[in-house]
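Here is the structure we will look at, set down as structure tokens.
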Number of protein chains: 2
Amino acid sequence: MIMILKKNDAGHLAGLRSRGYRITSPRQAVLEVLEENEGRPLSTEEIHRLASTRHEGIGLATVYRTLELFCELQIAARAHLHRDSEHFEINSGSHHHHLVCVSCGEVEMLEECVIEEVEKAVRDRSDFLVTSHCMSLFGYCPSCIPGG
Amino acid sequence: MIMILKKNDAGHLAGLRSRGYRITSPRQAVLEVLEENEGRPLSTEEIHRLASTRHEGIGLATVYRTLELFCELQIAARAHLHRDSEHFEINSGSHHHHLVCVSCGEVEMLEECVIEEVEKAVRDRSDFLVTSHCMSLFGYCPSCIPGG
DNA sequence: GTTACTGCAAACCGTTTGCACTAGA
DNA sequence: TCTAGTGCAAACGGTTTGCAGTAAC
């Protein structure tokens with residue numbers, strides 16, 4: 001099969017190959033879906049549906065396995081939206097968090113992360129070695145503000 | 001049945017009754033388990049097991065329904081530990097977050113919450129109405145620090 | 001040609017639900 | 001008495017797993 005790569009995919013696909021993983025059509029499909037939705041976390045079901053238009057018949061299990069792999073390789077990252085199913089987004093390099101509308105589910109990206117300060121404080125007051133964190137804000141988006 | 005109440009339970013149980021809910025033996029059992037583990041979030045399975053010693057034969061479904069009710073009434077709160085199952089703790093009145101050991105699962109409570117500052121910043125830069133948030137830190141507890 | 005990867009279907013498991021029975025007030 | 005609450009067992013739904021077939025290289 002001839003592989004036509006999107007510009008941005010090159011780096012991630014090269015990373016796959018250099019670590020001994022095969023570049024397959026399902027993996028490309030999932031990667032492209034994530035790339036095209038940068039900044040917008042997608043549910044596994046959405047990723048499966050969108051990837052199906054690129055690789056017909058892609059199995060849901062493959063989508064799960066691919067996303068797991070992409071997270072391990074830091075190609076993708078889990079978004080902690082506290083919805084029914086897991087959400088993923090491409091790892092754009094910038095560490096960030098999300099603002100989630102509890103009414104319609106719309107997600108806004110928060111540019112900055114202040115948790116580094118919290119981690120610093122914890123380093124002084126606790127014997128824990130902090131390695132990661134998660135944070136999300138919840139509320140109402142402009143069109144869902146009650147009485148707004 | 002004669003109800004022997006623990007001192008701290010009085011307020012929460014009164015709150016139940018005043019809102020039209022019945023004070024039952026399973027609800028007391030769950031409440032007491034939460035009270036006795038203040039500051040230590042428990043899984044539904046743990047709560048079920050511990051409550052069973054107080055009300056033999058308590059059903060898991062009842063535990064789930066009771067915890068759901070307690071959260072609605074702000075008697076209890078969900079802890080977002082990102083483990084396999086949900087965790088709950090008594091609402092001690094102080095808003096706080098957790099430090100979770102990714103190795104052994106030990107949980108430490110963080111006294112302060114700095115997210116209010118983040119919410120303030122969001123208020124200036126976004127049209128979202130922020131109503132809540134969740135945050136957890138992950139890492140290694142003293143006995144699990146790699147190479148430590 | 002090897003074997004990593006895939007699709008399928010079944011299993012898994014935490015949580016929810018329907019229902020007949022029980023017990024709180 | 002009346003009905004909210006309960007225990008049980010089945011259903012639910014997102015995720016994982018086993019396996020035989022397929023495709024990457």
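FYI, side chains are in, hydrogens and waters are out, and symmetry mates aren't considered; it's all heavy atoms of this structure. First the proteins, then the strands, lettered A, B, ... as listed; each starts at 1.
Each of G20(A) and S85(B) was matched to the nucleotide of DNA chain C holding its nearest heavy atom; the match closer to the 5' end belongs to G20(A).
Outside the 6.0 Å centre-distance limit, the rings of H87(A) and H98(A) are not counted as a close aromatic pair. Between H80(A) and H133(A), the gap from one ring centroid to the other reaches at least 6.0 Å.
E86(B) comes within 4.0 angstrom of the backbone, heavy atoms only, and of no base.
In this structure, R83(B) atom CZ and dT15(C) atom P are separated by 13 Å, rounded to whole Å. In this entry the distance linking OH of Y21(A) with C1' of dA23(D) reads 19 Å, nearest Å. Regarding L69(A), its CG atom lies at a distance of 16 Å from the C1' atom of dT16(D), rounded to whole Å. The separation between H48(A) atom NE2 and dG13(D) atom P is 18 Å, rounded to whole Å. R27(B) places its CZ atom 6 Å from the C1' atom of dG5(D), with the value rounded to the nearest Å. The distance from atom CG of L81(B) to atom P of dG14(C) is 15 Å, rounded to the nearest whole Å. dC5(C) atom C1' lies 16 Å from atom CD of E68(A), rounded to whole Å. Between Y64(A) atom OH and dC5(C) atom P there is a gap of 20 Å when expressed in whole angstrom units.
The main-chain N or O of R22(A) is found under 3.5 Å from a side-chain atom of R27(A) such that the two form a donor-acceptor pair. A donor-acceptor pair under 3.5 Å is absent between the side-chain atoms of S126(B) and the main chain of R123(B), judged by distance alone.
With hydrogens and angles left out, the side chain of R65(A) and the base of dG7(C) share a donor-acceptor pair within 3.5 Å. Residue side chain R22(B) reaches the base of dA4(D) through a donor-acceptor N/O pair under 3.5 Å, judged by distance alone.
Distances shorter than 4.0 Å separate none of the side-chain N or O atoms of T24(A) from OP1 or OP2 on dA24(D). Contact between the side-chain N/O atoms of T44(B) and the OP1/OP2 oxygens of dT15(C) is found at a separation under 4.0 Å. Look at H55(A) and you won't find any side-chain N or O under 4.0 angstrom from OP1 or OP2 of dT6(C).
Ion pair R19(A)/E72(A) not flagged as a salt bridge, since none of the NZ, NE, NH1 or NH2 atoms sits closer than 4.0 Å to an Asp/Glu carboxylate oxygen.
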